[in-house]
Amino acid sequence: MNSSKQFCLSLLSKCKTLKSTKQVQAYVHKTGLDTDPLVAGKLLLHCAISISDALDYARRLFLHFPNPDVFMYNALIRGLAESETPQNSLLTFIEMRRKSVFLPDSFSFAFILKGVANYRSLRDGVQLHCQALCHGLDTHLFVGTTLISLYAECGRVDFAKQVFEEMSEPNVVTWNATVTACFRCMDVEGAEGLFSQMPFRNLTSWNVMLAGYTKAGEVQLARQAFSDMPIKDDVSWSTMVVGFAHNGLFDEAFGFFRELHRERIKPSEVSLTSVLSACADAGAFEFGKILHGFIEKAGFLQIISVNNALMDAYSKCGNVGMARLVFQSMTVRRSIVSWTSMLAGLEMHGHGDEAVQLFHEMEESGIRPDGITFISLLYACSHAGLIEQGCAYFHKMKNSYSVEPAMEHYGCMVDLYGRAGRLQKAYEFVCQMPISPNAIIWRTLLGACSFHGNIELAKLVKERLSELDPNNSGDHVLLSNIYAVAGKWRDVATVRRSMTDRRIQKSPGWSMIEVDKVMCSFVAGERQNKITEEAYDKLTEIMSKLRVEVGYVPEVRSVLHDIEGEEKENSVSRHSEKLAVAFGIAKLPKGRTIRIVKNLRVCGDCHSMMKLISKVYRIEIVVRDRSRFHLFKDGFCSCRDYW
DNA sequence: GTAGGGTTAG
């Protein structure tokens, strides 16, 4: 290789941005090396893979070559396969088969199969499997391994195992992929069988077992495997943190992270984002703050994903102010994820106007919003009651940014109209959707009917819902509540009976609060341990104080049960969020904000009571419910009683 | 000259 060629390639490998890459490209052009297949191919690969947001440029670059070689096709296929629209990789693959004289090689198949795995099409996967077979490449080490992952993605562990059986010399990666395939299809025994037969195991094989066990809910088995494994790396630790968090075992999750720290294992940026996501799920604000301190000290604020995860964790822990601070102090260039995370944070907390403002700043900064950005923006409009603006953005999304509305966007619009009480408009909107509405869409509408007390439409909507998702307990409870509020006890009884007949059980409500860096959870009506005893005692005290000072009377209209007065009062006074707040008042330092995470929506009585507590006790209470935050302060809530 | 398995932010 001549020296100027070598020089160009080494320059290229150092380029981190599209701008610098274009400078090298200009130099390449000047030296006449732009027609050299090796240099041209590397340039294309660099744009398609190594640089973010340069895939479109790579596609345009590709069009400049009248006779692209297989390397160039492979580079583009790979870039498209890993993009947000992996379907396009198949189009390029087909174009290559039609236009070119050369045959696809093992790289072509490995990349295209990855693309198909990313959009999970069994049909396309099988077709390409056949083609690979015709070229004698179906049992190729890399092609076969990718095929195994593809079939696992499509839920066909049987096909995955068959590919594995046919491979003559599977290596450790192939074995690991097959074990993962079993776990992904919930075949825990199959995974264990393979693991025990493996002729070689490295660290990753053990990590596969940890991830698989925790995803299958087998936390005990994961714990056992973790203690059995000969060496552990930071992936092993973060897998445990994430795994425990996903199973709701937040204290164990954070315990693992603390131990990682004690063992002096250096967390990577990925393991830090994992732990932050566990904080976000748990709503563990205090723990998040500790992590923030560590991240700052260890120099991780240079990494964009860590900033983004930090913002997300702060927002979901109820402190959008800290999220804003992280966003404003970022020294690295904000990505689309950074902007969208901030937007989502503002949306969750009901700062609709600020979210709209931020969206305009985002547009001005030159970052192009995508479908996910619009989901947050539309919800922000909905939660803040900005109806006209929401409609305008829905059209702008399509017309100015060519983002096709997906199910979630339609959901936002139904929410927007529904909350505002424009139920007929919402219903017509659903009926006119170009894609068939799913259960979530109908459920959103049912929620709106419940809020505005429209029984007739609720009945109609529930019928549609029953066709799509007949056994959802929440839907039955919602319909029953609508009847209960209207005093239609006979209809309540009918719904209750149909639930009993179909053995549908109400999912229990729970609430969590972080006290002394320990997550304490409360379940409605549960009275088991010392913690709940203490919460009950405090709650009784609070309720009598509220009765005396502000004349609080429990709001029992929405109680599901067809039970009598005093019983009803007892039933709402045992709600988990009340217990959690009472526990917080008893345990936290005076004046400290009380932060609660709840799995269901807050009921009307809890909502009124929180407002009163915030006034009488002069404290702020932040409640994260299923879909948003409520900040109670001086007797008012940030949701303006509109949730 | 390009790859496949484990944790990952909107």
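We name chains A, B, ... by the order of the sequence lines, and we start the count at 1 in each one. For clarity, every value in this text was computed on a predicted model and none was experimentally measured.
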Inset, instruction - Determine, for A:Phe226 and A:Lys232, whether the Lys NZ or Arg CZ falls below 6.0 Å from the six-membered ring centre while staying within 45 degrees of the axis. - result: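 Yes; both conditions hold, so A:Lys232 lies above the ring face of A:Phe226.
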Legend entry - Aromatic contact, A:Trp339 with A:Phe327 (centres under 6.0 Å):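 Centroid distance A:Trp339-A:Phe327: below 6.0 Å, so yes.
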Considering only side-chain heavy atoms of [X], which listed nucleotide, [options], is closest?
{"X": "A:Phe107", "options": "B:dT2, B:dT8, B:dG10", "result": "B:dT2"}
{"X": "A:Lys114", "options": "B:dG10, B:dG5, B:dA3", "result": "B:dG5"}
{"X": "A:Asp312", "options": "B:dG5, B:dG10, B:dA3", "result": "B:dG10"}
{"X": "A:Ser205", "options": "B:dG5, B:dA9, B:dA3", "result": "B:dG5"}
{"X": "A:Leu38", "options": "B:dG1, B:dG10, B:dT8", "result": "B:dG1"}
{"X": "A:Val242", "options": "B:dG5, B:dG10, B:dT8", "result": "B:dT8"}
{"X": "A:Ser271", "options": "B:dG10, B:dT2, B:dT7", "result": "B:dT7"}
{"X": "A:Ser149", "options": "B:dA9, B:dG5, B:dT2", "result": "B:dG5"}
{"X": "A:Val270", "options": "B:dG5, B:dT8, B:dT2", "result": "B:dT8"}
{"X": "A:Thr204", "options": "B:dG5, B:dA3, B:dT8", "result": "B:dG5"}

Legend entry - Ion pair A:Glu363/A:Lys396, N-O distance below 4.0 Å: yes
Inset, instruction - Using a strict 4.0 Å threshold on nitrogen-to-oxygen distance, state whether A:Lys161 and A:Asp187 make a salt bridge. - result: yes
Legend entry - Pair A:Tyr57-A:Gln25, side-chain donor/acceptor within less than 3.5 Å: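 The criterion, which ignores hydrogens and geometry beyond distance, is satisfied for A:Gln25 and A:Tyr57.
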Legend entry - Pair of N/O donor and acceptor under 3.5 Å linking B:dG1 base with A:Asp36 side chain: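 In this structure, the two groups form no donor-acceptor pair.
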Inset, instruction - Give a yes or no on whether a donor-acceptor pair under 3.5 Å exists between the nucleobase atoms of B:dG4, that is its base, and the side chain of A:Asn171. - result: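 When only heavy-atom distances are counted, A:Asn171 does reach the base of B:dG4 through a donor-acceptor pair under 3.5 Å.
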Legend entry - Phosphate contact (B:dT7 OP1 or OP2) by A:Lys215 side-chain N/O below 4.0 Å: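 Looking at the OP1 and OP2 atoms of B:dT7, one of them is under 4.0 Å from a side-chain N or O of A:Lys215.
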Inset, instruction - Establish, with yes or no, whether the OP1 or OP2 oxygen of B:dG1 is under 4.0 angstrom from a side-chain nitrogen or oxygen of A:Lys5. - result: no
Legend entry - A:Cys47 versus A:Thr21, closest heavy-atom pair with distance: SG-CG2, 4.0 Å
Which part of the nucleic acid, if any, lies within reach of [X] when heavy atoms closer than 4.0 Å are counted: base, sugar-phosphate only, or nothing?
{"X": "A:Ala75", "answer": "nothing"}
{"X": "A:Ile336", "answer": "base"}
{"X": "A:Ser106", "answer": "base"}
{"X": "A:Glu84", "answer": "base"}
{"X": "A:Thr340", "answer": "base"}
{"X": "A:Ser268", "answer": "nothing"}
{"X": "A:Leu141", "answer": "base"}
{"X": "A:His140", "answer": "base"}
{"X": "A:Thr373", "answer": "base"}
{"X": "A:Arg334", "answer": "nothing"}

Legend entry - Exam field: side chain A:Asp234 to backbone A:Pro267, donor-acceptor pair closer than 3.5 Å: no
Inset, instruction - Keeping the roles fixed (side chain from A:His46, backbone from A:Leu12), state whether a donor-acceptor pair exists under 3.5 Å. - result: yes
Can you measure [X] atom [atom1] to [N] atom [atom2] for me and round it to whole angstrom units?
{"X": "A:Phe300", "N": "B:dT8", "atom1": "CZ", "atom2": "C1'", "answer": "13 Å"}
{"X": "A:Leu377", "N": "B:dG10", "atom1": "CG", "atom2": "C1'", "answer": "13 Å"}
{"X": "A:Asp138", "N": "B:dG4", "atom1": "CG", "atom2": "P", "answer": "19 Å"}
{"X": "A:Phe244", "N": "B:dT7", "atom1": "CZ", "atom2": "C1'", "answer": "14 Å"}
{"X": "A:Asp370", "N": "B:dG10", "atom1": "CG", "atom2": "P", "answer": "13 Å"}
{"X": "A:Leu76", "N": "B:dG1", "atom1": "CG", "atom2": "P", "answer": "21 Å"}
{"X": "A:Glu169", "N": "B:dG4", "atom1": "CD", "atom2": "P", "answer": "21 Å"}
{"X": "A:Met330", "N": "B:dG10", "atom1": "CE", "atom2": "C1'", "answer": "12 Å"}

Inset, instruction - Sequence neighbours left out, what pairs pass side chain to side chain donor-acceptor pair (under 3.5 Å) with at least one residue falling in residues 291-304 of chain A? - result: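 As it turns out, the side chain to side chain donor-acceptor pair (under 3.5 Å) pairs with a partner in residues 291-304 of chain A, which skip direct neighbours, are A:His292-A:Tyr314.
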Legend entry - Sorted by number, the residues of residues 227-238 of chain A with heavy-atom contact under 4.0 Å to DNA chain B: A:Asp233, A:Val235, A:Ser238
Legend entry - Aromatic stack A:Phe71/B:dG1: centroid gap under 5.5 Å, interplanar angle under 30°: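 Stack criterion met.
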Legend entry - Residue closer to the 5' end of DNA chain B, A:Asn176 versus A:Ser305 (nearest nucleotide):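 Here A:Asn176 is the residue nearer the 5' end.
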Inset, instruction - Identify, with sequence neighbours excluded, every residue that meets ring pair (Phe, Tyr, Trp, His ring centres under 6.0 Å) alongside A:Tyr151. - result: A:His129, A:Phe159
